[in-house]
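What follows is one structure encoded as structure tokens, with my remarks underneath.
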Amino acid sequence: MARIRTAQIDVPQSVIRTAAGLIRQGQVVAFPTETIYGLGANALDETAVRKVFELKGRPADNPLIVHVDGRRMLRRVVKDIPEGAELLMRRFWPGPLTIILPKTAAVPDITTAGRDDVAVRMPDHVVALGLIKAAGVPIAAPSANKSGRSSPTTAAHVLEDFPGLMVIDGGSTQHGVESTVISLIGKPVVLRLGAVTLERIREVMPEVKVSVKMRKGTAPASPGQKYRHYAPSVPLHVFNDAASLKRYAKSRRCLTILAKESRISELTGLKAVNLGKTDEEIARNLYNTLRSTKKGEILVLAISRRGLGRTIMDRLERAATEGKNGRKRT
Ligand code: TXA
Ligand code: MG
């Protein structure tokens, strides 16, 4: 039997065919991408997309990313491909960069939450691409977690949130954090930090702006910025320095303390979990660690906000609990 080789797991071609058949029939199927697992449905089928919103408990004003297998499919969902988009696609596709462009009439309102623009990306994953190709339709897919929870990086995470759902198991995902989202409606602006770093985008688009946080009294640049994200099931606090983490830890019990390998030695007297040596490793481990901590509190020693570190800190701050050391979220 023909099998597709992923990082950890071989996926039989027949599984992809079955899943593609379900997508074509308007069902929802979870599948791996190079970032995280997605909860997929035919992006052009209103009823199918509604199922995704219902399953996830996702607010109707938060649009979905539409996944395509190449240029021809892209043109079915996007009206206009400006030069900037060409530049970014040549550099980063297939890969973890989502681009917001004007949509065609083929994309129903529900997929884009009533907007005239649509978020599109071509994933760099044999299973995801094979599924889209076999289905023959673009696949709308948010992260395959219940709204507000951490994104899934394994099939087991998906099943934790959605028991009984069909998931194509492709093993652990490569990046572990979501795609970077950039809008090309007007001047280029990054709306969500992600697996492609700002530094890399600036190499090809030096003028790009960043608007990843909601400012008080203004409308969010992207609807997703309004909602709480990536929350573990226990309180989480981020500390910039070891001394304040240690002070907090003194009076508490049942703590899971997380730190980058090179900073663990600063936490003398405490038992810290090694998040990884490099930022890439930390990103890959992050959601799994947050999900697997089911009691007590999580304390994290901050990592430097450069490159992928900026994305990791963004996720940790959004996951953090309200309070002195965390940020309030709605
Ligand atoms: O890596 C990823 O991007 C994964 C995999 C499955 O591809 N998907 C993912 O989707 O993270 P989701 O739905 O969890 O996050 C999509 C983000 C949300 O913050 C949403 O508000 C924003 O993209 N978004 C989607 N369409 C948009 C649009 N037309 N305008 C502005 N923001 C948009
Ligand atoms: Mg999500």
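Note: hydrogens, waters and symmetry copies are ignored here, and every other heavy atom, side chains too, is used. This is a predicted model, so every value here is computed, not measured.
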Audit row: Ile16, Val127, side chain to side chain contact (heavy atoms under 4.5 Å, CB included) steps and yes/no:
CA-CA 7 Å; Ile16 304 228; Val127 172; 3.9 Å; yes
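- Checked for salt-bridge contact, Asp109 and Arg115 miss the test: no charged N lies under 4.0 Å from a carboxylate O.
- Pairs engaging residues 128-137 under the side chain to side chain donor-acceptor pair (under 3.5 Å) rule: none recorded [sequence neighbours left out].
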Could you go through Val212 and Arg318, starting from their C-alpha distance and side-chain angles, then the distance that decides it, and tell me whether this counts as side chain to side chain contact (heavy atoms under 4.5 Å, CB included)?
CA-CA 11 Å; Val212 295; Arg318 287 174 203 275; 4.0 Å; yes
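- Side-chain contact between Ile99 and Met89: present, with at least one pair of heavy atoms (C-beta onward) separated by less than 4.5 Å.
- Without hydrogens or angle criteria, Arg58 side chain to Pro63 main chain gives a donor-acceptor distance under 3.5 Å.
- Applying side-chain contact (heavy atoms from CB on, under 4.5 Å) to Ile282 and the options Glu261, Lys260, Lys277 leaves one that passes, Lys260.
- Using a 4.5 Å heavy-atom cutoff, the side chains of Thr289 and Leu275 are in contact.
- The minimum heavy-atom distance linking Gly307 with Thr197 is given by the pair C-CG2, 3.5 Å.
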Would you sort out whether Arg192 and Thr98 count as a side-chain hydrogen bond (donor to acceptor under 3.5 Å, both in side chains), showing the intermediate values?
CA-CA 9 Å; Arg192 178 176 74 178; Thr98 296; 5.1 Å; no
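- Ala144 and Ala30 get closest at one heavy-atom pair: CB-CB, 4.4 Å.
- A donor-acceptor pair under 3.5 Å links the side-chain atoms of Thr180 to the main chain of Gly194, judged by distance alone.
- Val300 and Ile303 fall within a single hydrophobic cluster, where Ile, Leu, Val, Met, Phe, Trp and Tyr side chains are chained together by heavy-atom contacts under 4.5 Å.
- Glu297 contributes no side-chain N or O that, together with a main-chain N or O of Leu236, makes up a donor-acceptor pair within less than 3.5 Å.
- With Pro96 as reference, Thr35 is the one residue of Thr35, Ile36, Val177 to meet the side-chain contact (heavy atoms from CB on, under 4.5 Å) rule.
- Note that CG of Leu87 is 11.0 Å distant from CD1 of Ile201, once rounded to the nearest 0.5 Å.
- Residues Ser147 and Pro59 are in side-chain contact: their nearest non-hydrogen atoms beyond the backbone lie under 4.5 Å apart.
- At least one side-chain heavy atom of Leu39 sits less than 4.5 Å from a side-chain heavy atom of Phe162.
- The existence of a salt bridge linking Glu86 and Arg71 is confirmed by a sub-4.0 Å separation between a basic side-chain nitrogen and an acidic carboxylate oxygen.
- For the pair Arg252 and Tyr248, the distance from NZ or CZ to the six-membered ring centre is under 6.0 Å and the angle to the ring normal is within 45 degrees.
- Under the 4.0 Å criterion applied to side-chain N and carboxylate O atoms, Arg284 and Glu281 are not assigned as salt-bridge partners.
- Looking at Glu199 and Arg306, no side-chain N of the basic residue comes within less than 4.0 Å of a carboxylate O on the acidic one, giving no salt bridge.
- Ionic pairing of Glu178 and Arg121 is not present here: no N-O contact between side-chain nitrogen and carboxylate oxygen is shorter than 4.0 angstrom.
- In this structure, Asp161 pairs ionically with Arg291, as a charged nitrogen and a carboxylate oxygen lie closer than 4.0 Å.
- Taking CG from Asp117 and CG from Leu184, the interatomic distance works out to 10.5 Å, rounded to the nearest 0.5 Å.
- Residue-environment remark: NZ (Lys294) exceeds the threshold of 12 foreign heavy atoms within 6.0 Å.
- A continuous path of ILVMFWY side-chain contacts below 4.5 Å connects Ile298 to Leu286, so both sit in one hydrophobic cluster.
- Rounding to the nearest 0.5 Å gives a distance of 12.5 Å between CD1 of Ile264 and OG1 of Thr268.
- No more than 12 heavy atoms of other residues, nucleotides or ligands lie within 6.0 Å of CG in Asp116, so this atom counts as exposed by the packing criterion.
- By the criterion of side-chain heavy atoms lying less than 4.5 angstrom apart, applied directly or through intervening Ile, Leu, Val, Met, Phe, Trp or Tyr residues, Val167 is not grouped with Phe31; the two fall into different hydrophobic clusters.
- A 4.5 Å side-chain heavy-atom check between Thr153 and Ser172 finds every atom pair outside the cut-off.
- By the neighbour-count criterion of 12 heavy atoms within 6.0 Å, atom NZ of Lys79 is sparsely surrounded, having that number or fewer from other residues, nucleotides or ligands.
- In the hydrophobic clustering of ILVMFWY residues, with side-chain heavy atoms under 4.5 Å counting as a link, Leu97 and Val120 come out together.
- Put simply, the side chain of Ile139 does not reach to within 4.5 Å of the side chain of Asn42, judged on heavy atoms.
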Before giving the answer on side chain to side chain contact (heavy atoms under 4.5 Å, CB included), spell out for Leu301 and Leu267 the whole-Å C-alpha distance, their side-chain angles and the decisive distance to 0.1 Å.
CA-CA 9 Å; Leu301 190 54; Leu267 297 169; 4.1 Å; yes
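- Summarising the geometry of Pro123 relative to Val68, their closest heavy-atom pair is CD-O, 3.6 Å, with the distance given to 0.1 Å.
- Salt-bridge annotation for Arg202 and Glu207: absent, with no side-chain N of the basic residue lying under 4.0 Å from a carboxylate O of the acidic one.
- Across every non-hydrogen atom of Leu159 and Leu165, the tightest pair is CD2-O, 3.6 Å.
- Side-chain N/O atoms of Lys103 and Thr111 include no donor and acceptor closer than 3.5 Å.
- In this structure, Asp314 does not pair ionically with Arg310, as no charged nitrogen and carboxylate oxygen lie closer than 4.0 Å.
- One distance of note links NE2 of His237 with CG of Leu245; it measures 10.5 Å at 0.5 Å rounding.
- A donor-acceptor pair under 3.5 Å links the side-chain atoms of Lys51 to the main chain of Gly26, judged by distance alone.
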Asp169 and Val11: side chain to side chain contact (heavy atoms under 4.5 Å, CB included), yes or no, with the steps?
CA-CA 7 Å; Asp169 189 349; Val11 177; over 6 Å; no
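- Following chains of ILVMFWY side-chain contacts shorter than 4.5 Å, one cannot reach Val158 starting from Leu290, and the two form parts of different hydrophobic clusters.
- Rounded to the nearest 0.5 angstrom, Ile23 CD1 and Leu131 CG are separated by 5.5 Å.
- In plain terms, the two heavy atoms of Val49 and Leu64 that are nearest each other are CG1-CD1, 3.8 Å.
- Taking the side-chain hydrogen bond (donor to acceptor under 3.5 Å, both in side chains) definition, one finds that Arg200 meets it with nothing, sequence neighbours left out.
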Would you please test Ser143 and Lys56 for side-chain hydrogen bond (donor to acceptor under 3.5 Å, both in side chains) and show each step?
CA-CA 9 Å; Ser143 50; Lys56 244 188 99 93; 3.2 Å; yes
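- A donor-acceptor contact closer than 3.5 angstrom is absent between the side chains of Ser233 and Arg149.
- Proximity of a side-chain donor or acceptor of Lys271 to a complementary backbone N or O of Ile257 within less than 3.5 Å is not detected.
- Between the side chains of Asn145 and His157, no donor-acceptor pair of N or O atoms lies under 3.5 Å.
- Between the NE2 atom in His175 and the OG1 atom in Thr311 there is a gap of 11.5 Å [rounded to 0.5 Å].
- Leu88 has its side chain out of reach of Arg91: every pair of non-hydrogen atoms, C-beta onward, lies at least 4.5 Å apart.
- At a threshold of 4.5 Å between non-hydrogen side-chain atoms, the residues Pro188 and Lys209 do not count as touching.
- Put simply, the side chain of Arg315 gets close to the backbone of Leu193: a donor and an acceptor are under 3.5 Å apart.
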